[in-house]
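Numbering of ligands and ligand atoms starts at 1, following listing order. Hydrogens, waters and symmetry mates play no part in the numbers below; they use all other heavy atoms, side chains included.
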Amino acid sequence: MTLLGQTLEELQQFCAKESFPKYTAQQLCQWIYSKKVDSFDAMTNISLKIRSRLKEIATVGRHAPIDSQSSVDGTKKYVFQASQVDAGAGQQYIEAVYIPADDRGTLCVSCQCGCRMGCRFCVTGQQGFHGNLTVADILNQILSIPETDKLTNIVFMGMGEPLDNYDAIRQTLEVLTATWGLAWSPWRSTVSTVGITPMLKRLLDETRCHVAVSLHNAFANERADIMPMQKAYPIEGTIALLKQYNWYGQRRISFEYTMFKGVNDDLNHAAELVKLTRGLRCRVNLIRYHASPYSSFQPSDQRTMETFRDYLERHGIIATIRASRGEDIMAACGLLAGQHSNTLDTPSIPS
Ligand code: SF4
């Protein structure tokens, strides 16, 4: 049994089954989540007898990254082995990206090996789907990087669609925010989604994290061309759901909008975006696209992005052009899995 990722209640049940003292579960939480130790030997206030039994029947569940790359801008990409993948898929790797800034340290974590959403501009999407990550796999990315104590924010925007692995994401958020866990504020985490509406409703009802919707085009028919999930979960339904919630408190909703040259970057698209989000207090992050051998899309130029941003701002939407980070190590948005995937040896350019 892997203890990382277990809730206090689950650890209490585990300890009761093993006839350990009741307080052992609380001690395990303190060692694993507060003190972030990676071995039973380090748990010095637990008796030697219990530690010996724990070594026989359980693992802490921590494992160090197997590789890392540093960008000239300070961004770092870490590669981990995934513990659980589809039969026959072979060893799969997942990536987490640490993005330092003046007063913040953000970690972009992965939640799946590959992705089944199939967005045409995304390297992960071209990789196919090879399995969900466990709660332990997701938390391990947060706890096993050297910068773990510098983290101020977690964004679930790495490989995979978080709401396609909802139960693991919900439990990860529970561990992150519980007093027996990492005791983080819920507003230090942002979960991104293409808009799987039933799961988004659960996320909104069951957690307090920020939400980021991957929009990329406000015209439904054009969005369906680049994001196949638009056909199953139209963006209009996602917006209608979001409007049922209060966005005037600390919780935030943002829309991610990657800008592709000649595809979604003119003022007609900006006007449609304004129309679509009318009545919703939100912000829009305009993301510079990073060309890759796996896609035929090209980035919009800086001037076009600024014109688009200014239009949104003139129409009452807070819009930001997201600074480009980690492009040189394939760590930027939409590029994860490009260098370590064993399924991407032969680049294929979508038509
Ligand atoms: Fe999956 Fe996100 Fe890539 Fe779309 S953009 S294929 S949801 S990882």
> Does Cys119 put an N, O or S atom under 2.8 Å from atom 3 (Fe) of ligand 1?
Replying inline: no

> Which ligand 1 atoms does Val194 reach within 4.0 Å, using its non-hydrogen atoms?
Replying inline: 7 (S)

> Counting each atom of ligand 1 from 1 as listed, which ones have a heavy atom of Met117 under 4.0 Å away?
Replying inline: 1 (Fe), 7 (S)

> atom 8 (S) of ligand 1: which of Gly160, Pro162, Pro228, Gly125 has the nearest heavy atom?
Replying inline: Gly160

> In this structure, are over 12 heavy atoms from other groups packed under 6.0 Å from Lys261 atom NZ?
Replying inline: no

>> Parallel, tilted or perpendicular: which one describes the rings of Phe121 and Tyr289, with boundaries at 30° and 60°?
In response: perpendicular

> Taking everything shown except Tyr245 itself, do over 12 heavy atoms lie less than 6.0 Å from its OH?
Replying inline: yes

> Going by the angle between their ring planes, with limits at 30° and 60°, are Phe219 and His269 parallel, tilted or perpendicular?
Replying inline: perpendicular

> Is there a donor-acceptor pair closer than 3.5 Å between any side-chain N or O of Arg322 and the backbone N or O of Asn285?
Replying inline: no

> Heavy-atom distance to atom 3 (Fe) of ligand 1: which of Gly195, Ser214, Cys122, Ser110 wins?
Replying inline: Cys122

>> Between Cys115 and atom 4 (Fe) of ligand 1, is there a contact where an N/O/S atom of the residue lies under 2.8 Å from the metal?
In response: no

